[in-house]
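Shown next, in structure tokens, is the structure this report addresses.
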Amino acid sequence: MVALAHKSPAGRIDVQQLTIRLGQGAQAFTAVDQLDFSVEAGEFVCILGPSGCGKSTLLGALAGHLEPAEGILRVDAQAVHGPSPDRGMVFQQHTLLPWRSVLDNVAFGLKMQGLGKAERRTQANEFLRLVGLEDFAQRWPNQLSGGMQQRAEIARVLINRPRLLLMDEPFGALDAQTRARMQELLLEIWGRIRTTVVFVTHDIDEALFLADRILVMSPRPGRFIEDLRLDFPRPRHSSLLTSPEFVHLKRHCLALLHHQDGRELPRLTPLGLPSDDFPPLRIAL
Ligand SMILES: Nc1ncnc2c1ncn2[C@@H]1O[C@H](COP(=O)(O)OP(=O)(O)O)[C@@H](O)[C@H]1O
Ligand SMILES: [Mg+2]
């Protein structure tokens, strides 16, 4: 039996005073501003925010693709400097190599580690089974549907047993039904491989359906304006999307995304009670 996950517990994130600036000269601007947060090993966190608020920038810094202007990022107490297969990234568009079979694409990370061909294939088949693609190992990437390509991409990243699975709107290009299926599949996979997931989205339903915790970002420069912990039971099913608790939290997230700087932040009230009876929400990060 192939071990699917990193030695646990692994994947704790500690970020202090993280500021990232982008652009050159007069065009330079602050993309994310003084973020402070921690993520427990094995937690599933969604970063929710409007388009352009700096979500991809933050994820790029966690991946090691971007150097912060200020602050420090640590994963399992080690400072992040540069990319590593230990922090696997899945984008909206897959990065499978078109001239390699699905199997060889998934096995590629192990080739980089110097493993022999037979071992690479055994492990790649195991990860293809994990994402439900065992019957498509010999296909070319362009013979797969969009959803299947993203499944292969997830297998390609997970075969490196990353401490962090970083996902940047990974299902954003898929149709609604495929997207819903992929969300359920991702939770199923995560149930088996309890790696830390940081999942970026601007879709409230997606964040509420997936996460243990949602960090909501303000418009640019991105700052966290809410740290929401969700205790919807798992496994989660589509019926959750119409439950009163879900709709209640969705309304709160909508208010946060529409919040204008300088105004008092919308506060989360217990379900069924009028909002004015409660003091402003304290944001503990
Ligand atoms: N390399 C770059 N140079 C200049 N501006 C950039 C660069 N990358 C992103 N931006 C800008 O920085 C802001 C934050 O971008 P991004 O992190 O991609 O936002 P999000 O993922 O939340 O939509 C956006 O306004 C975007 O246009
Ligand atoms: Mg983005």
Side-chain angles (χ1 to χ4, degrees), residues 13 15-37 39 44-73 75 80-83 87-95 146 149-150 153-154 157 164-176 179 182-183 186 196-211 213-228 250 252-262 265-266 283 285:
I13 302 173
V15 171
Q16 287 167 339
Q17 292 289 300
L18 177 72
T19 296
I20 301 171
R21 286 193 248 284
L22 296 174
Q24 305 287 324
Q27 259 92 55
F29 64 93
T30 301
V32 300
D33 195 18
Q34 303 211 344
L35 300 183
D36 270 301
F37 68 102
V39 174
F44 196 127
V45 175
C46 280
I47 311 278
L48 175 69
S51 203
C53 74
K55 302 183 296 299
S56 296
T57 303
L58 169 59
L59 216 57
L62 284 169
H65 299 152
L66 286 171
E67 274 293 321
E70 288 164 34
I72 185 143
L73 299 103
V75 176
V80 171
H81 293 296
R87 287 172 265 114
M89 179 77 108
V90 177
F91 295 99
Q92 190 166 322
Q93 302 299 335
H94 72 83
T95 62
Q149 288 170 341
Q150 285 304 68
E153 183 77 356
I154 291 167
V157 166
L164 306 186
L165 177 59
L166 305 173
M167 307 189 89
D168 193 352
E169 315 222 20
F171 310 142
L174 305 175
D175 65 83
R179 183 175 190 157
M182 290 295 292
Q183 290 166 359
L186 176 62
T196 308
V197 181
V198 183
F199 187 110
V200 156
T201 183
H202 63 262
D203 184 309
I204 297 174
D205 281 9
E206 184 164 65
L208 285 169
F209 184 72
L210 292 173
R213 182 178 168 206
I214 302 178
L215 292 167
V216 184
M217 278 178 105
S218 68
R220 199 174 106 187
R223 284 171 295 109
F224 290 136
I225 55 173
E226 175 64 293
D227 182 356
L228 204 58
K250 181 172 176 173
H252 178 56
C253 289
L254 268 170
L256 285 164
L257 291 190
H258 291 145
H259 171 257
Q260 285 174 347
D261 220 13
L265 276 170
I283 302 165
L285 289 168

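Whatever order the structure lists ligands and atoms in, that order sets their numbers, starting from 1.
- Heavy atoms of S51 approach ligand 1 to within less than 4.0 angstrom.
- Nearest non-hydrogen protein atom to atom 3 (N) of ligand 1 is G23 N, 4.0 Å.
- Residue contact check: G54 has heavy atoms under 4.0 Å from atoms 14 (C), 16 (P), 17 (O), 19 (O), 20 (P), 22 (O) of ligand 1.
- For the pair A63 and M89, the tightest heavy-atom approach, listed with the atom from each and the gap, is CB-CE, 4.0 Å.
- Atoms of ligand 1 found under 4.0 Å from any heavy atom of T57 (numbered from 1 in listed order, with element): 14 (C), 15 (O), 16 (P), 17 (O).
- A heavy-atom distance below 4.5 Å is not found between the side chains of V200 and L58.
- F171 meets the ring pair (Phe, Tyr, Trp, His ring centres under 6.0 Å) test with F199; sequence neighbours excluded.
- Listed by atom number, the atoms of ligand 1 under 4.0 Å from L22 heavy atoms are 6 (C), 7 (C), 8 (N), 9 (C), 10 (N), 12 (O).
- Within a 4.0 Å radius of atom 27 (O) of ligand 1, the protein contributes no non-hydrogen atoms.
- For the pair T201 (side chain) and L48 (backbone), a donor-acceptor distance under 3.5 Å is absent.
- When distances to the Mg ion (ligand 2) are checked against a cut-off of 2.8 Å, S56 contributes an N, O or S atom below that limit.
- For the pair A31 and ligand 1, no heavy-atom separation below 4.0 Å is found.
- Within the set A61, S56, G222, the minimum heavy-atom distance to atom 18 (O) of ligand 1 is found for S56.
- Among residue pairs with one or both ends in residues 46-71, those qualifying as side-chain hydrogen bond (donor to acceptor under 3.5 Å, both in side chains) are R21-E70, S56-D168; sequence neighbours excluded.
- For ligand 1, the atoms closer than 4.0 angstrom to any heavy atom of R220 are 13 (C), 24 (C), 25 (O).
- The local environment of NE2 in H259 is crowded, with over 12 non-hydrogen atoms from other residues, nucleotides or ligands closer than 6.0 Å.
- Backbone and side-chain nitrogen or oxygen atoms of F29 are examined, and none is located within less than 3.5 angstrom of a nitrogen or oxygen of ligand 1.
- For D36 (side chain) and Q17 (main-chain N/O), a donor-acceptor pair under 3.5 Å exists by modelled atom type.
- Without hydrogens or angle criteria, Q93 side chain to P170 main chain gives no donor-acceptor distance under 3.5 Å.
- Nearest non-hydrogen protein atom to atom 20 (P) of ligand 1 is G52 N, 3.5 Å.
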